[in-house]
Number of protein chains: 2
Amino acid sequence: MLIHQQKDIPTLIKDTGLVETRRRQIVQAAVDLFIQKGFHKTTTREIAGRANFSIGTLYEYIQSKEDILYLVCEFIHSEMEKQVKEAIKPAGTGRDTLKNAIDRYLRVCDLMQDHILLIYRETASLPGDSISYVLRNESRITGMFEDILTRGKDDGTLKLRHHRGITLIAHNITVLGHMWTFRRWFLKKAFTLDEYIELQTSLILNELSSHNGDGPP
Amino acid sequence: MLIHQQKDIPTLIKDTGLVETRRRQIVQAAVDLFIQKGFHKTTTREIAGRANFSIGTLYEYIQSKEDILYLVCEFIHSEMEKQVKEAIKPAGTGRDTLKNAIDRYLRVCDLMQDHILLIYRETASLPGDSISYVLRNESRITGMFEDILTRGKDDGTLKLRHHRGITLIAHNITVLGHMWTFRRWFLKKAFTLDEYIELQTSLILNELSSHNGDGPP
DNA sequence: TCGTTATGAACGAGCGCTCAATCAACGAGG
DNA sequence: CCTCGTTGATTGAGCGCTCGTTCATAACGA
């Protein structure tokens with residue numbers, strides 16, 4: 001399940017099972033606190049406290065506060081990918097699959113609003129070498145949409161005027177989900193989630209239908 | 001020029017002209033540093049230093065470090081709005097105006113990449129009451145696109161299938177510009193700015209042309 | 001000289017991180 | 001069955017330091 005290259009963080013503890021459970025606790029505590037107060041305003045003591053062990057123990061499982069941020073980002077991305085992957089079953093034509101995928105993806109984004117915002121806010125605080133890992137995670141999500149679009153292009157149910165369109169539209173769709181989270185102050189005033197999905201889906205599918213060019217000259 | 005409700009920050013200095021110049025210096029210094037290292041990792045001493053006065057003087061013109069962040073956000077938004085406003089001259093039909101506006105807007109976003117990212121990252125660190133000011137600034141930009149879309153709808157050069165479409169598409173366009181900045185790691189690998197503008201514009205204009213519905217049943 | 005502005009040493013709260021001490025579990029030796 | 005030593009996990013007081021903020025004093029200008 002979800003095997004991909006990860007950075008591994010040194011620990012002083014020998015029992016690998018224990019490392020796993022403790023780190024789960026750490027991440028759980030940290031996610032809550034980071035969402036609430038942000039990375040910089042959260043103290044290591046608070047994280048340890050909420051995970052129900054002492055500051056000393058915390059540092060047996062990580063080497064620095066930034067390691068915690070990395071673990072958190074990693075967790076959010078893999079959670080995101082897991083949820084989207086299991087929601088998107090290929091369904092008939094490429095077009096139908098896309099329609100379904102957008103729907104599921106946007107609902108996952110809605111559920112993970114705070115987590116997505118967290119990624120946007122705090123990724124920049126990661127040490128340089130961790131950032132590339134996080135970016136790789138991000139592009140796997142976009143890649144899923146590229147795959148679906150390619151299928152639709154191949155089976156003829158989706159039309160693309162520009163051959164570079166697949167990459168761009170895949171990014172657009174990905175960002176649509178993020179947009180719902182970081183513009184929720186505006187958007188939720190005007191739309192319910194269902195309306196948002198309905199409208200955005202119809203915009204995208206229209207782009208992908210055969211029609212004449214740029215309108216009147 | 002750009003009169004809109006702003007929060008005003010107390011100062012100990014009487015000479016209002018001096019307050020203005022010094023604050024300009026503060027903002028200039030802070031913007032550079034925040035972009036480079038982020039709000040939390042930048043110290044007040046660094047800001048004072050780069051603005052060429054002492055830490056004591058800094059605190060004559062603001063009350064807290066967060067005030068500086070507010071000034072910075074305010075500056076970025078008004079700069080953004082100024083640049084977009086002066087670039088967008090109504091040109092002929094609503095459709096042509098829109099085409100031109102998107103082009104100019106995306107170019108402004110490209111120029112202000114770092115500033116836009118800064119807003120995304122640090123807005124959350126503002127004290128609660130400042131946030132609403134920043135949000136108001138943001139919606140003025142989206143409002144400009146709403147106006148253009150409405151013009152196009154009225155003069156018949158832009159078609160909208162859903163009546164809620166104007167709001168949504170205005171948001172979509174706004175986010176298109178932001179997306180170019182916060183996904184530049186991906187996008188610049190695949191597209192030049194000109195290509196990006198060209199492709200996104202044609203996607204949007206297609207949505208706004210008359211055509212048949214959702215494709216084959 | 002008097003009001004206004006500038007200075008930077010000093011303050012002290014709070015932070016990330018360490019480490020000597022403690023505890024729990026377990027097995028070998030009597 | 002009871003020691004007692006060993007190993008590995010846990011603890012939290014404390015270290016060293018940074019940073020936001022203040023204030024007594026100096027400098028300046030009219």
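Note that the structure is a prediction, hence the values are computed from the model and not measured. In what follows, chains carry the letters A, B, and so on, assigned in the order in which the sequence lines appear, proteins first and then strands, with residues in each chain numbered from 1. Just so it is clear, the values below take in all heavy atoms, side chains as well, and ignore hydrogens, waters and symmetry mates.
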ask   = For the pair made of CG in A:L12 and P in D:dT7, what is the distance, rounded to whole Å?
value = 17 Å

task = State whether the number of non-hydrogen atoms from other residues, nucleotides or ligands found under 6.0 Å of A:E195 atom CD is greater than 12.
result = yes

key: Partner of A:L199 under side-chain contact (heavy atoms from CB on, under 4.5 Å), chosen from B:L168, B:I169, B:T167   = B:L168

message = For B:E60 and A:T44, find the nucleotide of DNA chain C closest to each by heavy atoms; which residue's nucleotide sits nearer the 5' end?
response = B:E60

ask   = Using the ring of each side chain (for Trp, its six-membered ring), is B:H171 parallel, tilted or perpendicular to A:F186, with breaks at 30° and 60°?
value = tilted

Nearest listed nucleotide, side chain of B:Y61, among C:dT7, C:dA6, D:dT21 = C:dA6

query = For the residue pair B:H178 and B:Y105, does the interplanar ring angle fall in the parallel (under 30°), tilted (30 to 60°) or perpendicular (over 60°) class?
reply = tilted

ask   = Can you tell me how far C1' of D:dC28 sits from CG of B:L18, to the nearest Å?
value = 13 Å

task = Would you kindly check whether a donor in the side chain of B:R45 faces an acceptor in the base of D:dT18, or vice versa, at under 3.5 angstrom?
result = no

inquiry  = At less than 4.0 Å, is any side-chain N or O atom of A:S54 found next to OP1 or OP2 of D:dT11? Yes or no.
reply    = yes

request  = Measure the distance from CG on A:L69 to P on C:dG16 and round it to the nearest whole Å.
outcome  = 13 Å

task = Figure out the NZ/C1' separation between A:K41 and D:dC19, and round it to whole Å.
result = 14 Å

inquiry  = Measuring from the side chain of A:K14 (C-beta onward, heavy atoms only), which nucleotide among D:dA9, D:dT11, C:dC17 has the closest atom?
reply    = D:dA9

request  = May I have the distance from A:L58 (atom CG) to C:dC19 (atom C1'), rounded to whole angstrom?
outcome  = 15 Å

message = Starting the side chain at C-beta, find the nucleotide from D:dT10, D:dT21, C:dT5 nearest to B:I55.
response = D:dT21

query = Hey, does B:I13 reach any base, or is it just sugar-phosphate, or nothing, if we go heavy atoms under 4.0 Å?
reply = sugar-phosphate

key: Minimum-distance nucleotide to A:Y59 side chain [options: C:dG16, C:dT5, D:dT10]   = C:dG16

inquiry  = How many whole angstroms separate atom CD1 of B:I62 from atom P of C:dA6?
reply    = 14 Å

Rounded distance in Å - NZ (B:K37) to C1' (D:dC19) = 12 Å

query = In this structure, which one of B:I47, B:L69, B:D32, B:I68 forms a side-chain contact (heavy atoms from CB on, under 4.5 Å) with B:T42?
reply = B:I47

request  = Tell me which of A:T57 and B:Q63 sits closer to the 5' end of DNA chain D, going by the nucleotide each one is nearest to.
outcome  = A:T57

ask   = Side chain of B:K65: nearest nucleotide among C:dT7, D:dG20, C:dT5?
value = D:dG20

message = As a test of reading the structure: which of C:dA6, C:dT7, C:dG16 is closest to the side chain of B:R22, going by heavy atoms?
response = C:dA6

query = Given atom CG of B:D67 and atom P of D:dG20, what is their separation to the nearest angstrom?
reply = 13 Å

key: Within 45° cone of A:F39 ring axis and under 6.0 Å: A:K65 NZ or CZ   = yes

key: C:dC15 OP1/OP2 closer than 4.0 Å to side-chain N/O of A:T43   = no

task = Look at all strands and tell whether B:T11 reaches a base, only sugar-phosphate, or nothing, counting heavy atoms closer than 4.0 Å.
result = nothing

